[in-house]
Amino acid sequence: ISADKTVKVLNILEKNIQDGSKLSTLLNHNNDTEDEERLWRDLIMERVTKSADACLTAINIMTSPNMPKAVYIEDVIERVIQYTKFHLQNTLYPQYDPVYRVDPHGGGLLSSKAKRAKCSTHKQRVIVMLYNKVCDIVSSLSELLEIQLLTDTTILQVSSMGITPFFVENVSELQLCAIKLVTAVSTF
C-alpha cells in the first residue's frame, strides 16, 4: 500500500477515534427507565469499542515494520493517547477500583478501604473487552516510542498515563503494560 493511502486510512481512523474519545460510559439518568438507560449504554459502548478498535488499528499500522515517516501523524498519536487516558480515568479505573468512583448521590465519606470492601467484582463483558483493548493500546504505544521520536508534550501525556495504573487496584495486566511504557519513556 502506498504511503498516501496509508495516511488517508490513518486520517479516517482518527475521526473514528474522535467519535468515542469523550463519551462517558457511566450513565445515571434519574428520569430514564432501566430499558432506556441500558439502550443508551449499549449505544455508547458500541461507539467506544469502535474507537478502541480504530486506536488499535492505527497503532498497529504505525508499528508495522518498514513504515515511511509520513505515517507517524502526530494528530493521530495524540488522539490515541487522549482516548486512552480518558477511558482509563473515566471508564476503567472506576469499574476496577471503587476508590475512583464518584457517588452520584453525593453520599457520605467512606474511606478507600470501606469503598473497596463494598465493591462487587463482577464486570460486564464489554468492560472487560475494553480493558483488554486498552492494555493492547498501552503496550503498542511503548513499541511506537521505540520507533518514532515524539514531542515533549506527547511524552508527558504518555508518561502520566504510564504511571497512574500503579495507584489503581485490580488492574494487574494494565500495570504490566504500563511497565513497558514507562521503560520506553525512560530511554529518552
Side-chain angles (χ1 to χ4, degrees), residues 9-10 12-27 40-64 72-102 116 119-148 150 153-186:
V9 167
L10 286 170
I12 292 169
L13 289 170
E14 180 191 3
K15 300 300 182 203
N16 283 295
I17 295 167
Q18 187 176 7
D19 181 47
S21 66
K22 294 288 185 183
L23 290 175
S24 177
T25 59
L26 304 174
L27 293 177
W40 273 110
R41 185 166 306 186
D42 290 347
L43 177 66
I44 288 173
M45 285 308 296
E46 182 180 317
R47 289 174 60 190
V48 167
T49 303
K50 176 188 66 151
S51 294
D53 290 336
C55 286
L56 278 170
T57 305
I59 292 291
N60 284 333
I61 289 171
M62 288 185 221
T63 57
S64 295
Y72 301 112
I73 304 169
E74 191 174 322
D75 290 342
V76 176
I77 296 169
E78 287 178 6
R79 190 75 67 196
V80 168
I81 293 167
Q82 177 188 23
Y83 171 88
T84 307
K85 280 187 75 169
F86 181 84
H87 284 291
L88 281 172
Q89 294 169 349
N90 296 298
T91 303
L92 297 175
Y93 293 161
Q95 287 290 327
Y96 282 84
D97 191 346
V99 172
Y100 288 85
R101 291 186 190 151
V102 176
R116 286 186 177 124
C119 173
S120 111
T121 57
H122 175 69
K123 306 284 179 284
Q124 294 176 353
R125 185 176 56 89
V126 70
I127 294 294
V128 173
M129 197 170 56
L130 179 64
Y131 174 75
N132 291 330
K133 288 180 183 194
V134 167
C135 287
D136 290 343
I137 292 169
V138 171
S139 183
S140 296
L141 279 171
S142 63
E143 293 175 31
L144 182 64
L145 285 174
E146 295 170 3
I147 297 170
Q148 178 65 21
L150 302 177
T153 55
T154 306
I155 292 294
L156 286 173
Q157 294 290 323
V158 169
S159 62
S160 73
M161 183 173 57
I163 292 171
T164 309
F166 298 107
F167 300 101
V168 182
E169 291 196 9
N170 303 320
V171 290
S172 56
E173 295 89 359
L174 181 62
Q175 289 171 342
L176 288 173
C177 296
I179 287 173
K180 256 178 83 173
L181 186 62
V182 171
T183 304
V185 167
S186 65

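The first residue of the sequence shown is numbered 1, and numbering continues consecutively from there.
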Asn16 side-chain N/O to Ile12 backbone N/O, donor-acceptor pair under 3.5 Å: yes
Taking C-beta and beyond as the side chain, do Leu144 and Ile77 meet within less than 4.5 Å on heavy atoms? yes
Is a side-chain donor or acceptor of Ser140 paired with a backbone partner of Ile137 at a separation under 3.5 angstrom? no
Minimum heavy-atom separation for Tyr72 to Gln148, with atom names? CD1-OE1, 3.3 Å
Counting only heavy atoms from other residues, nucleotides and ligands, does the tally under 6.0 Å from NZ of Lys50 exceed 12? yes
Within this structure, what is the CE-CD1 distance for the pair Met129 and Ile127, rounded to the nearest 0.5 Å? 9.5 Å
Are there more than 12 heavy atoms of other residues, nucleotides or ligands under 6.0 Å from atom CD of Gln89? yes
Note: Ser51 and Tyr83 closest approach over all heavy atoms is CB-CE1, 3.5 Å
Spacing of SG belonging to Cys177 relative to CG belonging to Asp136, to within rounding of 0.5 Å: 7.0 Å
Let me confirm one number: the OH-CG distance from Tyr96 to Leu174, rounded to the nearest 0.5 Å. 9.5 Å
Which pair of heavy atoms, one from Leu181 and one from Leu145, lies closest together, and at what distance? CD1-CD1, 3.8 Å
Walk me through whether Lys85 and Ser160 qualify under side chain to side chain donor-acceptor pair (under 3.5 Å). CA-CA 9 Å; Lys85 280 187 75 169; Ser160 73; 2.9 Å; yes
Heavy-atom closest pair (Thr154 atom, Leu150 atom, distance to 0.1 Å) is CG2-CD1, 3.9 Å
Are side-chain heavy atoms of Tyr100 and Phe167 found at a separation under 4.5 Å? yes
Heavy-atom closest contact (Gln175 atom, Val168 atom, distance): NE2-O, 3.0 Å
Would you please test Val80 and Ile59 for side chain to side chain contact (heavy atoms under 4.5 Å, CB included) and show each step? CA-CA 8 Å; Val80 168; Ile59 292 291; 3.9 Å; yes
CD1-CG distance between Ile61 and Leu10, expressed to the nearest 0.5 angstrom: 4.5 Å
Just so I know, are the side chains of Ile73 and Glu14 near enough to count as touching, which here means a heavy-atom distance under 4.5 Å? no
Within the 4.5 Å heavy-atom criterion, are Thr164 and Leu88 side-chain neighbours or not? no
Check: Asn170 side chain, Asp97 main-chain N or O, donor-acceptor pair, under 3.5 Å: no
Determine, stepwise, if the pair Leu56 / Lys133 fulfils side chain to side chain contact (heavy atoms under 4.5 Å, CB included). CA-CA 7 Å; Leu56 278 170; Lys133 288 180 183 194; 3.9 Å; yes
Closest non-hydrogen atom pair, Phe166 against Val182: CE1-CG2, 4.4 Å
Val76 vs Leu13 side-chain heavy atoms within contact, under 4.5 Å: no
From Gln82 atom CD to Met161 atom CE, the distance as rounded to the nearest 0.5 Å: 11.5 Å
Kindly determine whether Gln95 and Leu130 satisfy side chain to side chain contact (heavy atoms under 4.5 Å, CB included), including the steps that lead there. CA-CA 11 Å; Gln95 287 290 327; Leu130 179 64; over 6 Å; no
Main-chain N/O of Asn60 paired with Glu143 side-chain donor or acceptor, under 3.5 Å: no
One should read off an interatomic distance between Glu78 CD and Ile17 CD1, to the nearest 0.5 angstrom, of 12.0 Å
